Undergrad: 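Before I ask anything, let me first share the structure, which is written out below as structure tokens.
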Amino acid sequence: MAQRTRRMAFPRVVIESDTDSESSSEEEEEDEAPGAVAEEDEEEEVSDKANDGKMGGKLMDSLDVKKKQKAPITISLKNVCKVCKQKGHQAGFQGATYVDCPMKPCFLCKMPGHTTMTCPHRVAVEHGVIPAPCKNTRKLLDYVFERQLRADVTMIKPAFVIPDQVDCAVIRYHSRRITCLEFHPTNNNILLSGDKKGQLGVWDYVKVYEKTVYGNIHSCILNNMRFNPSNDGTLYAASSDGTVSCVDLETGMSFPLMDLNPNGWQGPANWRMLYGMDIIPEKSLVLVADNFGYLYLVDMRSNKKTGDAILIHKKGSKVVGLHCNPVQPEILLSCGNDHFARIWDVRQLEAGSSLYDLRHSRVVNSAYFSPQSGSKILTTAQDNRLRVWDYILGDLDSPSREIVHSHDFNRHLTPFRAEWDPKDPSESLAVIGRYISENYNGAALHPIDFIDTSTGQLVAEVMDPNITTITPVNKLHPRDDVMASGSSRSLFIWKAMKSELVQEVDEKNQKKIILCGKADKTNNKFGGETHDDSDVDTFSRKSKNLKCEKRESKSSRSYLTKRKR
DNA sequence: AGACGATGTGTCC
DNA sequence: TGGACACCCTCGTC
């Protein structure tokens, strides 16, 4: 076409690296014919001798000559791929669909040869389920063993209940992104939220208006919270400021249980940050771990550290998660940046004394025992895989299952953590936010995924067209069919209800969306117009009108990749 | 509307 | 071992 002849008339741009190579760019350029490209080509000035498109000594010489002559060489990068910087294709959004760079391995499963869009773990091949080698090689004794070990866990999977409708929300509630959530252990309607600034939110989501943010407890990231088992009016919080605080929820008054930076800022090599935390009520112990690989035990009665810090992960690496077994609280599961999750016996803790080391290929964001029997383990790693071990007393050398799931974005977002549904009697349902977006009816949304960890199947993808931000923090209620989500600075409560019921409830009580903070543009599309500090919008069921239809082809996909044995 | 920057991890030298 | 730099679809602010 005209555009092409024009292109031919201008010298080809040669970028100064030899990677702009070979045949691929030539062929692909012919396919691509946006009008703007030709225009932009006019910006490109390259020496005449570069016409053959090959980089060689001659060309380098000529470039040198040009440099000496101070002739400006401008190279427009507008029509190169922003991912690989090569010509002939463009990565990025086309409408609400993100097109991947074909030169990179799949961003979802990390394997070369295809892109995220065509990844077998994303696209349904047969009724949405990838045939997996589910050969059952378990022996009879295994079943006897399992029944003894998990006597109270039903073997028959009940229907999963998915909280999939936004019931109420506080938009821009926190001043920084939300990092952790916790439901009150006895008061069903209270949600606690921590943020990157160290602030603690207390919200009664049934009364909706009753909300507080305590701002003076920590000076930076609130990483984990646990309730005091002997007084549910107080909460322990571990923060990147190096302290564990004990907070009175009524007053917001707090005192530090432990401060690892008593002398203040002594440079990054000395600043200790606390990440993982859990509690052993029977021993009145708070366990916390820091960014240098050490575990600390704090006595809740004396509020004093007991014993020395113990190196539980690679020296200098962050320990991001601690979880005590619900049945055997002395059995501790830790995980961190050294690519391991480790099982420990708290009664005989010393460096290198772990009972098992569960190897991962990248950083482990979280590791949890199953909530009722404590006999399974679920980990989230930054290699885009969830791993499940079905028995802690079985073979732990490799996971029973690896489930490919998009959650690897680690910077600028709170790390994704897959968590068990505490109410699921079969201990198989888990929830985790998804990083990668999907095109739902023209909107790019990041769903919250419910995954059956016993099969790898995606049970539900929950989203609302008004929530366009990623939702990395999700907590299922310990007793009610309710889920809390933290997305950026906002909190959402989801309920499991039939949509008519939601509508009915909303008509009775419409004011369930609270808008806080500045009213500038935001990705959360709830509201629109708002006023100063805090205002209330009708939950106008914009979301209902916009309610997205699931894409037919992907309505039941599986992320299962590998099943052992 | 577009630019910028706060940020963590991996890889290279 | 440590510094420099590269990063995929962020998100809020100016």
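Bear in mind that the values here come from a model prediction, so they are computed numbers and not experimental data. Letters go in sequence order (proteins before strands), and every chain restarts at 1. These values consider heavy atoms only, across backbone and side chains, with no hydrogens, waters or symmetry-generated copies.
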Undergrad: Could you tell me whether A:Lys495 and A:Asp164 have a side-chain N and a carboxylate O separated by less than 4.0 Å?
TA: no
Undergrad: Return the value, rounded to whole Å, for the distance between atom NZ of A:Lys82 and atom P of C:dT10.
TA: 8 Å
Undergrad: Do A:Arg177 and A:Asp195 sit within salt-bridge range, that is, some charged N less than 4.0 Å from a carboxylate O?
TA: no
Undergrad: Quick one: CD1 on A:Ile467 to NE2 on A:His446, what's the gap to the nearest 0.5 Å?
TA: 11.5 Å
Undergrad: In terms of side-chain geometry, is the basic nitrogen of A:Arg434 or A:Asp449 positioned less than 4.0 Å from the acidic oxygen of its partner?
TA: yes
Undergrad: With a 4.0 Å cutoff (strictly under), does any side-chain N or O of A:Arg489 reach OP1 or OP2 of C:dT13?
TA: yes
Undergrad: Around atom CZ of A:Arg272, are there more than 12 heavy atoms of other residues, nucleotides or ligands at under 6.0 Å?
TA: yes
Undergrad: Mind checking if A:Lys110 touches a base, just sugar-phosphate, or nothing, with heavy atoms under 4.0 Å?
TA: base
Undergrad: In terms of the nearest nucleotide of DNA chain C, which residue is placed more toward the 5' end: A:Ser175 or A:Asn384?
TA: A:Asn384
Undergrad: When the C1' atoms of B:dT11 and C:dC9 are compared, how many Å lie between them, rounded to an integer?
TA: 23 Å
Undergrad: Atom pairs under 3.5 Å, N or O on each side, protein against nucleotides 1-6 of chain C: can you list them with distances?
TA:
none

Undergrad: Might you list the N or O atoms of the protein lying below 3.5 Å from N or O atoms in nucleotides 9-12 of chain B, with each pair's distance?
TA:
| residue | atom | partner | partner atom | Å |
| --- | --- | --- | --- | --- |
| B:dT9 | OP1 | A:Asn337 | OD1 | 3.4 |
| B:dT9 | OP1 | A:Asn337 | ND2 | 2.8 |
| B:dT9 | OP2 | A:Asn337 | ND2 | 3.1 |
| B:dT9 | O4' | A:Asn410 | ND2 | 3.4 |
| B:dG10 | OP1 | A:His339 | NE2 | 3.3 |

Undergrad: Do the side chain of A:Tyr435 and the base of C:dC8 come within less than 3.5 angstrom through a donor-acceptor pair of N or O atoms?
TA: yes
Undergrad: Let me know, please, whether A:Val83 or A:Thr471 comes out on the 5' side of the other along DNA chain C by nearest nucleotide.
TA: A:Val83
Undergrad: If we ignore hydrogens and angles and just use 3.5 Å, is the side chain of A:Asn439 paired with the main-chain N or O of A:Ala444 as donor and acceptor?
TA: no
Undergrad: What is the distance from CG of A:Leu445 to C1' of C:dT10, rounded to the nearest Å?
TA: 15 Å
Undergrad: Starting at atom CD1 of A:Ile178, determine the distance to atom P of C:dC11, rounded to an integer number of angstrom.
TA: 12 Å
Undergrad: Rounded to whole angstroms, how far apart are NE2 on A:His407 and P on C:dC8?
TA: 17 Å
Undergrad: Are there more than 12 heavy atoms of other residues, nucleotides or ligands under 6.0 Å from atom CG of A:Asp259?
TA: yes
Undergrad: From CZ of A:Phe93 over to C1' of C:dT10, roughly how many Å is that when rounded to an integer?
TA: 11 Å
Undergrad: Send over the distance from A:Lys197 NZ to B:dA6 C1', rounded to a whole Å.
TA: 14 Å
Undergrad: Taking CG from A:Asp195 and P from C:dC11, how many angstroms apart are they, rounded to a whole number?
TA: 16 Å
Undergrad: Would you state whether a donor and an acceptor, one from the side chain of A:Asp100 and one from the base of C:dC8, lie under 3.5 Å apart?
TA: no
Undergrad: Let's see if you can work this out: which of C:dT10, C:dC9, C:dC8 has an atom nearest to the side-chain heavy atoms of A:Asp408?
TA: C:dC8
Undergrad: Grab the two heavy atoms, one from A:Asp241 and one from A:Ile217, that are nearest each other, plus how far apart they are.
TA: OD2-O, 4.5 Å
Undergrad: A:His174 and A:Trp203: aromatic ring centres closer than 6.0 Å?
TA: no
Undergrad: Return the CZ to CZ distance between A:Arg385 and A:Arg401, rounded to the nearest 0.5 Å.
TA: 15.5 Å
Undergrad: Would you mind reading off the distance between A:Gln90 atom CD and C:dC9 atom P, rounded to a whole angstrom?
TA: 13 Å
